[in-house]
Amino acid sequence: MSTISMPDPDKAILARAPDIVAALRAALPADAVLADPAETCAYECDALTAYRCPPLAVVLPRTTAEVAIALRICHQHGVPVIPRGAGTSLAGGALPTADSIVIGTMRLRDFLEIDTANRFIRVQTGVTNLSVSAELEPHGFFYAPDPSSQLACTIAGNIAMNSGGAHCLKYGVTTNNLMGVRMVLVTGDIVDVGGPEFGMAGLDLLGLICGSEGQLAIVTEATLRIVPKPEGARPMLIGFDSAEVAGECVARIIRSGLLPVAIEYMDDVCLRAVESFAKAGYPDCAAVLIVEVEGAEAEITDQIERIRSIAAELKPVEFRSSRNAGEALAIWKGRKAAFGAMGRLGDYLCLDGTVPVSKLPYTLKRIGELSQQCGLEVANVFHAGDGNMHPLILFNANAPGELERAEAFGNDILRLCVDVGGCLSGEHGIGIEKRDLMTKQFAEDDLAIQMEIKDAFDPTWLLNPAKVFPLEMSRRHCDRRAASR
Ligand SMILES: Cc1cc2nc3c(=O)[nH]c(=O)nc-3n(C[C@H](O)[C@H](O)[C@H](O)COP(=O)(O)OP(=O)(O)OC[C@H]3O[C@@H](n4cnc5c(N)ncnc54)[C@H](O)[C@@H]3O)c2cc1C
């Protein structure tokens, strides 16, 4: 049993499935269309694996033109389309419906242009996040947004979810590093928005596309801002015997005006899991912060000393700053392994919400209280510097009712984030997971405007159905639109 409902498939589309697949096969290369259930089942879910549904077919184009052909055919047949990158979304953003066609952009893997003088790289959006920085390495540059999933996730998914990562405190998330896109509208028309030039004439459509979760178009190319590699970088580890005091330390560092590249937080549940898995040598305490600063050596030393004195006021149980590359790696080792280590403890729901940094101590305390009340353990490992929390709720998927309890607990935590002035998503998006909580964050009129923007791009709501907008509200919206036509 699960608590998130999906719409029933359209029987008329299912009945026409052979014709639709035949039309796609006639127009695209032979290996671009998968309709055998043994192959399409690989696309039945993303990283929110509690929810699964094989699509009617999968299309894997290699060019923007092929994406346009596939979309045009789906549009002509009135078939829902699920855009997909690597399928690492934790919010069910790439979950298919039984009457939908998945269009995956992971085969669009070309690096098109590197221009260090004008500080951009142009790529097809099926390249992985990590491969962009690898491509830039010989030029002394890198691409800043660094999701923990960067080995697998694609630039397409990053743009759709406005992804972030540990180093986004200083450099910003995807939207702050995206300069332009080439995208295909539901009708198959190809549109360019933005580009390598700074600034943009006209409406900021790029701002709309970034974070639109596959609701508006399929993005096939991207121009990304690139950053020169810093002269040096050094992490430090600060241990505290209280979660709230660790949260207070984050708030004080930010309030001081310092801007570290990263401030990451791990609580005791996470630390225990990480130690038995990665043996990173972390202290046995209530919470650890990893703070990384960068720049020239004198600048680094100055920042470390200022952070040391801020932390000292809060009496840390340990303060360790790295002196060389080996020690830096050791400090990051456990944090990088945290999600894998948590997986060894059992099933978990990975939440994603933001809170104002000054509210971190209170929010951490309340999450602890809520965990006690509902009887499910929670681990906190997150990007603390920008208040982007990732509570991991531990549960047993085989125990009847525990998934539902974990989801209800997760919803309480996300409501708490909104109540303290934060937001339902820092970087994972809304997907199906938080769709029905959108009314907690937005008034009906606000959501109506967002749905009208979708109307403008996708008038018949074929792109990524049942995501982002509360199901009942979007049904009423589409019924009203259909009636007024
Ligand atoms: C272990 C783990 C750690 C993670 N850590 C982070 C993290 O640190 N930061 C973070 O931000 N996220 C993180 N994530 C979540 C996930 O990796 C990101 O949301 C990522 O950007 C998804 O990319 P993807 O290529 O897998 O996209 P998918 O999962 O395939 O799709 C994600 C969304 O993008 C849409 N989409 C895909 N391709 C296109 C396209 N071409 N055009 C338009 N829309 C498209 C889909 O419809 C869907 O809504 C993590 C996930 C896992 C499993």
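In each ligand, atom 1 is the first atom listed, and ligand 1 is the first ligand listed. FYI, the numbering just counts along the sequence from 1.
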* Asked: Only one of Thr125, Asp192, Thr64 clears side chain to side chain donor-acceptor pair (under 3.5 Å) with Arg182; which?
  -> Asp192
* Please round to the nearest 0.5 Å and tell me the distance separating atom NZ of Lys336 and atom CD of Glu264. => 8.5 Å
* **Residues which pass salt bridge (charged side-chain N to carboxylate O under 4.0 Å, His left out) with Arg476, listed by chain and number, not counting sequence neighbours** => none
* ring-ring contact (aromatic ring centres under 6.0 Å, His included) partners of residues 63-84, not counting sequence neighbours, each pair once -> none
* In order of chain and number, which residues sit within 4.0 Å of ligand 1 by heavy atom? -> Ala47, Pro83, Arg84, Gly85, Ala86, Gly87, Thr88, Ser89, Leu90, Gly93, Ala94, Thr105, Pro147, Ser148, Ser149, Cys153, Thr154, Ala156, Gly157, Asn158, Ala160, Met161, Ser163, Gly164, Glu213, Gly214, Ala217, Ile218, Val219, His383, Glu427, His428, Asn464
* To do: If a pair satisfies ring-ring contact (aromatic ring centres under 6.0 Å, His included) and one of its residues is in residues 142-195, list it, with sequence neighbours excluded.
  => Phe142-Tyr171, His167-Trp332
* Asked: side chain to side chain contact (heavy atoms under 4.5 Å, CB included) with Val291: which of Ile307, Val261, Ile331?
  -> Ile307
